[in-house]
2 protein chains.
Amino acid sequence: MAKTKAASLADDLVHRFEEQIEKGGMPPGSRFPSEKAVTQDFGVSRTVVREAFARLAARGLLVSRRGSGAYVAEDARYRAFQVTPDEVAEIEDVLELLEMRMGFEVEMADLAARRRSDADLAEIRRALAAMDASTDVDTSVAADAAFHAAIARATGNDYYLRFTDFLGVRLVPSRRLYLQGSDARSHQHYSQVINKDHEAIYAAIEAGDPAAARRAARRHMQKSIARYQDLKQSGRLLRRPLG
Amino acid sequence: MAKTKAASLADDLVHRFEEQIEKGGMPPGSRFPSEKAVTQDFGVSRTVVREAFARLAARGLLVSRRGSGAYVAEDARYRAFQVTPDEVAEIEDVLELLEMRMGFEVEMADLAARRRSDADLAEIRRALAAMDASTDVDTSVAADAAFHAAIARATGNDYYLRFTDFLGVRLVPSRRLYLQGSDARSHQHYSQVINKDHEAIYAAIEAGDPAAARRAARRHMQKSIARYQDLKQSGRLLRRPLG
DNA sequence: TCAATAAGGTTGTAAGACAACTTTCGTCCG
DNA sequence: CGGACGAAAGTTGTCTTACAACCTTATTGA
């Protein structure tokens with residue numbers, strides 16, 4: 001009976017139904033109790049029920065059909081792919097995410113080499129130039145992200161772009177920590193090393209050579225992973241500061 | 001993207017605000033217009049506004065504070081990578097997702113070849129056998145998923161496993177539709193062709209040959225994409241039946 | 001100046017009503 | 001007996017009004 005206090009009545013309902021679905025009490029495709037039934041069973045107003053249902057629907061656990069009822073979504077058991085910020089606190093996680101990113105980056109380079117438009121090329125070049133001109137950590141990190149986003153856009157596959165954004169955001173904080181301690185000179189050196197990789201990728205994409213693009217992207221990511229592995233062995237831990 | 005008319009007023013509101021947040025018009029931490037203001041601006045009732053807000057909150061884009069107002073979530077950009085079921089309704093989307101999957105299947109094969117344990121190998125073999133023995137669509141689709149999941153597990157990278165699960169689930173319905181019309185013989189033929197690819201991947205992983213594993217995985221995915229492209233050209237559309 | 005207080009704004013919840021739609025079931029006709 | 005039709009009930013979508021709980025800000029008073 002120990003009830004975790006819910007911030008709101010709708011919260012409580014959401015948690016209850018969520019649990020029940022997860023436990024298998026309500027299999028996919030089965031019907032929810034009607035809104036009215038819930039108001040009676042739980043003693044809350046229909047406003048609350050509707051809000052709870054809306055939130056379940058937003059998470060993809062429930063679909064409601066006007067005039068018919070609400071149903072447990074067919075693929076309710078599987079949630080969105082999610083990576084919470086505190087998962088990226090440990091350097092091992094960063095390494096795993098980078099590993100995952102490797103596959104995508106390689107394939108994106110391939111596709112970009114096949115499909116890039118002139119506008120895509122121009123955008124990639126802009127990002128290269130911005131990285132080259134960067135003097136502080138923030139702008140160089142931003143330029144790096146822009147470079148990879150431009151490639152993702154050049155693939156013409158929106159999912160690649162979305163996932164690049166998604167992963168990019170996760171990895172930026174750790175990247176920033178990685179660079180933070182370094183002075184201006186070593187940072188510039190770091191930027192130049194990376195941009196050399198980037199230029200190789202760009203050249204292959206511009207030339208329309210998928211295999212070369214794959215190789216260049218793979219090398220780039222491997223180096224990036226190796227850097228983090230060194231960091232790991234040197235015993236430096238990543239701990240996110242608050243804020 | 002051609003804007004389809006929103007199924008409900010709340011849908012419309014959600015999309016509008018989502019877009020505005022994404023475009024940067026409402027930076028993290030900034031205040032939303034009050035519920036009352038929205039009702040006046042858009043000419044809808046507060047019920048609709050509350051429902052829209054509830055859904056935005058469920059997605060982590062908005063937090064509302066009683067008595068104070070609603071605010072754009074501080075980590076709004078951290079929201080999950082999400083692929084909603086209706087996005088996979090069109091065959092073009094399936095193709096794009098397959099393209100995305102290609103990159104990381106290749107990389108998974110590489111890593112699996114380097115890191116697989118004996119237990120991993122055994123699990124992959126089991127999936128191969130199950131696919132070989134399958135006679136109906138459901139079991140063959142399940143065996144296929146198990147095969148790729150086993151490889152994902154062999155990489156030792158949990159993110160790969162999670163993402164494989166995630167994508168696999170999205171693609172299964174269309175896969176099922178793809179196979180549905182076929183008779184037992186053509187289905188068996190299909191299974192055998194696929195499993196031959198699988199065996200090549202397995203052989204490379206067992207031999208511990210990353211480059212060969214990459215090649216085999218790439219071939220496998222390319223063929224899969226080609227099959228769907230044929231389907232696309234033949235004009236067959238994928239339309240999800242109501243669940 | 002500063003703290004207590006009052007006023008107004010905002011979200012959370014309740015309740016009732018109607019519209020739009022779906023499902024079910026009974027009726028009537030062939 | 002069977003099937004088409006339609007009425008009726010059930011359900012979600014939306015609107016409206018009302019109040020409670022809470023926060024913010026301005027006012028007031030010492």
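The sequence lines fix the lettering, A, B, ..., with proteins before strands; numbering per chain opens at 1.
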Using a cut-off of 4.0 Å on non-hydrogen atoms, how would the nucleic acid contact of Thr47(B) be classed: base, sugar-phosphate, or nothing?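 The answer is base, as Thr47(B) lies within the cut-off (heavy atoms under 4.0 Å) of a base atom.
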Counting any heavy atom closer than 4.0 Å, what does Arg50(B) reach on the DNA or RNA strands: base, sugar-phosphate only, or nothing? base
Expressed as a whole number of angstroms, how long is the span from [X]:[atom1] to [N]:[atom2]?
{"X": "Arg31(B)", "N": "dC23(D)", "atom1": "CZ", "atom2": "P", "result": "14 Å"}
{"X": "Arg66(B)", "N": "dC22(D)", "atom1": "CZ", "atom2": "P", "result": "6 Å"}
{"X": "Gln40(B)", "N": "dT16(D)", "atom1": "CD", "atom2": "C1'", "result": "14 Å"}
{"X": "Glu51(A)", "N": "dA14(C)", "atom1": "CD", "atom2": "C1'", "result": "13 Å"}
{"X": "Glu35(A)", "N": "dT14(D)", "atom1": "CD", "atom2": "C1'", "result": "11 Å"}
{"X": "Lys36(B)", "N": "dC15(D)", "atom1": "NZ", "atom2": "P", "result": "17 Å"}

Answer with yes or no after comparing the ring centroid distance for Phe104(B) and Phe163(A) against a 6.0 Å cut-off, counting only values under it.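 No.
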Atom CZ in Arg101(A), atom OG1 in Thr164(A): separation rounded to 0.5 Å? 7.5 Å
Among [options], which nucleotide has an atom closest to any side-chain atom of [X]?
{"X": "Ser68(A)", "options": "dG12(C), dT23(C), dT10(C)", "value": "dT23(C)"}
{"X": "Leu9(A)", "options": "dT11(D), dT22(C), dA14(C)", "value": "dA14(C)"}
{"X": "Ser45(B)", "options": "dT24(D), dG12(C), dC15(D)", "value": "dC15(D)"}

Record whether the side chain of Arg65(A) comes under 3.5 Å of the base of dG13(D) through a donor-acceptor pair of N or O atoms.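 No such pair is found, so the answer is no.
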Classify the side chain of Arg46(A) and the base of dG16(C) as holding, or not holding, a donor-acceptor pair under 3.5 Å.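 Counting by modelled atom types and ignoring angles, no donor-acceptor contact under 3.5 Å is found here.
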Which residue lies toward the 5' end of DNA chain D, Gly67(A) or Ser64(A), if each is placed at its nearest nucleotide?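 Closest to the 5' end, via its nearest nucleotide, is Gly67(A).
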Residue mapping more 5' on DNA chain C - nearest nucleotide basis, Ser34(B) or Val44(A): Ser34(B)
Can a donor-acceptor pair be found between the side chains of Asp11(A) and His15(A) at a distance below 3.5 Å?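 Looking only at side-chain atoms, His15(A) and Asp11(A) do not form any donor-acceptor pair under 3.5 Å.
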Pairwise side-chain contact, Arg153(B) with Glu123(B), heavy-atom cut-off 4.5 Å (strictly under):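 A side-chain contact exists here, since the closest heavy-atom pair is under 4.5 Å.
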Among Leu61(A), Val72(A), Asp12(A), Val38(A), whose side-chain contact (heavy atoms from CB on, under 4.5 Å) with Phe17(A) holds? Val38(A)
